[in-house]
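Reading through the structure tokens given below for one structure.
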Amino acid sequence: MITDITNNPEIRALPEFENHNGVFLLENKDIGFKGYISIHRKNPTVPSFGATRMWAYKNGIEGLRDSLRLSRMMSYKAALAGLDCGGGKGVIIANPTSPNREELLREYAKNVDLLKGKFITGTDVGLCQRDLAIMKEETPYIVGFNDNSVEFTTLGIYNAIQVSLQKVFSTKDVSKRSFAIQGVGNIGAGLIKLLSDSGCRIIYVSDIIPEKIKMIKEKFPDVKIVDPKEIHKLEVDVFCPCALGGVINEKTIQDLRCKIVAGGANNQLEKESLGTVLFEKHILYAPDYIANAGGLISVFDEYSNKIYNKDTVSAKVMKIKDILNEIFIGSDQNKKATNIIANEIAEKKFNNF
Ligand code: NAD
């Protein structure tokens, strides 16, 4: 069952609610299924996009708040990537290892179908490529089949790093620069590969899962392992957050000794005002939702174009460089933090839908 709860006063009072276009409760008590879909902004002629997360949230409200927060961020990401869609996000409140995982995914997808194409979704944390096929059997509004979108996300981040290096060091050459990569999952590992292939030899890494570190060390013997509590404190050219959100907070920001922050994690700044602190500390920040938009660009292309061409998608992802350049120029001219300039441009776009 799907219930529109957008106008519920308790929902509207949540700090993460920002005049969202639609908030939906999905529930089937018989099978223990619960989830939410939040649609932040909706272009009347284009569906809203956002991947689906399956996570063992402490409670339903935590999941709802995450979907509100992440759907908002997706609107900013789409706007800056030049896509005409608004942002959405789906969450399934369940442990990804639930024994009835497939049943939950099917139920979720049936609910997505009831939104009749208002919301297009794919995989986020807790879901994998295999889950797409299951969901697709219940609804056509599933994307992510063409290619591994992680590859495009990583390519975008690599481009964001290059344009940031160009601004700070007047060269985009990564080979003489040092990097601290927090989190060596899909994105962190992909980034290490791209950097290593480009001749970079000074890469520090951290992860909270020892097996992941072991795997990375086997693949890339030159990387230097760092305690997860220390990685953000290193004196490196680029700090790359590739783990979870909120890594730059009131406390950690005091420890930063890098010249650039550019990575893949969503919501890296615990609050927007920390972007201004980075600006004042002369640390260049590549706004996360610009740097990591490659995956969204790829799935939006899959939805919009019937013919898939990897080179065309790659070329679109490389445009992240131009967008970031524009933001850096705007930041210099207006003496404002890069995230503030980016937010202003995005808001102008999606508020005109
Ligand atoms: P992942 O789960 O594969 O990897 C995340 C890694 O971070 C894991 O290995 C985890 O153990 C590690 N980690 C967690 N907390 C840590 C900490 N405190 N210190 C060090 N390591 C820690 O996820 P991913 O797909 O690589 O995504 C990474 C980030 O990028 C997430 O924030 C995600 O939302 C964001 N992102 C991913 C994509 C994508 O295409 N996968 C797209 C956009 C944004």
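All of these numbers come straight from a predicted model, not from anything done at the bench. The figures that follow rest on heavy atoms only: side chains count, while hydrogens, waters and symmetry mates do not. Along the sequence shown, residues carry numbers from 1.
Residues Ile248 and Val168 do not share a hydrophobic cluster, clusters being chains of Ile/Leu/Val/Met/Phe/Trp/Tyr side chains in contact below 4.5 Å. Ile225 and Ile202 fall into different hydrophobic clusters, where Ile, Leu, Val, Met, Phe, Trp and Tyr are joined by side-chain heavy atoms under 4.5 Å apart, directly or via other members. Following chains of ILVMFWY side-chain contacts shorter than 4.5 Å, one can reach Ile5 starting from Ile93, so the two form part of one hydrophobic cluster.
Closest approach of Ala286 to Ala262, counting heavy atoms only: CB-CB, 3.9 Å. Of all heavy-atom pairs spanning Ile341 and Ile327, the tightest one is CG2-O, 4.0 Å. Closest non-hydrogen pair, Leu64 versus Ser67, comes out as O-OG, 2.8 Å.
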Quick one: do Ile11 and Phe17 satisfy side chain to side chain contact (heavy atoms under 4.5 Å, CB included)? Show the steps, please. CA-CA 7 Å; Ile11 305 297; Phe17 185 87; 4.1 Å; yes
Before you tell me yes or no, could you show the steps for Asp237 and Ile260 under side chain to side chain contact (heavy atoms under 4.5 Å, CB included), namely the whole-Å CA-CA distance, both residues' side-chain angles and the distance that decides it to 0.1 Å? CA-CA 6 Å; Asp237 295 321; Ile260 293 167; 5.8 Å; no
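The pair Lys89-Asp66 fails the salt-bridge criterion, with no side-chain N (NZ, NE, NH1 or NH2) lying under 4.0 Å from an Asp/Glu carboxylate O. The pair Glu151-Lys310 meets the salt-bridge criterion, since a charged nitrogen lies less than 4.0 angstrom from a carboxylate oxygen. Of the charged side-chain nitrogens involved, at least one lies within less than 4.0 Å of a carboxylate oxygen, so that Lys167 and Asp332 count as a salt-bridged pair. Here Lys212 does not pair with Asp207 in a salt bridge; the nearest charged N to carboxylate O distance is not below 4.0 Å. Note on Arg106 versus Glu137: salt bridge recorded, some NZ/NE/NH1/NH2 to OD/OE distance being below 4.0 Å.
Tyr285 and Ser164 are not linked by any side-chain donor-acceptor pair at a separation below 3.5 angstrom, with hydrogens and angles left out of the test. Side-chain contact annotation: Tyr108 with Thr52, donor-acceptor N/O pair under 3.5 Å present. Checked by atom type, the side-chain pair Lys77/Asn292 shows a donor-acceptor distance below 3.5 Å. With 3.5 Å as the limit, one finds a donor-acceptor pair spanning the side chains of Asn7 and Arg12. Under 3.5 Å, the side chains of Asp173 and Thr171 contain no donor-acceptor pair of N or O atoms. For His20 and Ser71, the side-chain atoms include at least one donor-acceptor pair closer than 3.5 Å. Between the side chains of His232 and Thr252, no donor-acceptor pair is found at a separation under 3.5 Å. Side-chain contact, Asn343 with Tyr289: a donor N or O sits under 3.5 Å from an acceptor N or O. Between the side chains of Asn95 and Ser98, no donor-acceptor pair is found at a separation under 3.5 Å.
Remark: the backbone N or O of Ile39 is not paired with any side-chain donor or acceptor of Asn21 at under 3.5 angstrom. A donor-acceptor pair is defined here as one N or O able to donate and one able to accept, closer than 3.5 Å; no such pair exists between the side chain of Lys319 and the backbone of Gly82. Side-chain N or O atoms of Arg101 include one that pairs as donor or acceptor with a backbone N or O of Pro96 at under 3.5 Å. Formation of a donor-acceptor pair under 3.5 Å by the Thr6 side chain with backbone atoms of Val23 is found in this model. Side-chain N or O atoms of Asp131 include none that pairs as donor or acceptor with a backbone N or O of Leu127 at under 3.5 Å.
Around NZ of Lys193, the count of heavy atoms belonging to other residues, nucleotides or ligands within 6.0 Å does not exceed 12. With a 6.0 Å radius and a threshold of 12 heavy atoms from other residues, nucleotides or ligands, Lys233 has its NZ atom above the threshold. By the 6.0 Å contact criterion, NZ on Lys214 is open, its count of non-hydrogen atoms from other residues, nucleotides or ligands being 12 or less. Residue Lys219 qualifies as open at atom NZ: its count of foreign heavy atoms under 6.0 Å is 12 or below. By the neighbour-count criterion of 12 heavy atoms within 6.0 Å, atom CD of Glu10 is sparsely surrounded, having that number or fewer from other residues, nucleotides or ligands.
Screening Arg41, Arg69, Arg65 against Glu18 for a salt bridge (Lys or Arg N to Asp or Glu O under 4.0 Å) leaves a single residue, Arg41.
By the 4.5 Å heavy-atom criterion applied to side chains, Tyr308 and Glu302 are not counted as neighbours. Between Leu26 and Tyr36, every side-chain heavy-atom pair lies at or beyond the 4.5 Å cut-off.
Ring geometry for Tyr76 against Phe350 counts as perpendicular: the plane angle is over 60°, on a 0 to 90° scale with 30° as the lower cut.
Phe49 has its ring centre less than 6.0 Å from the ring centre of Phe300. Between Phe179 and Phe239, the ring center distance fails the sub-6.0 Å criterion.
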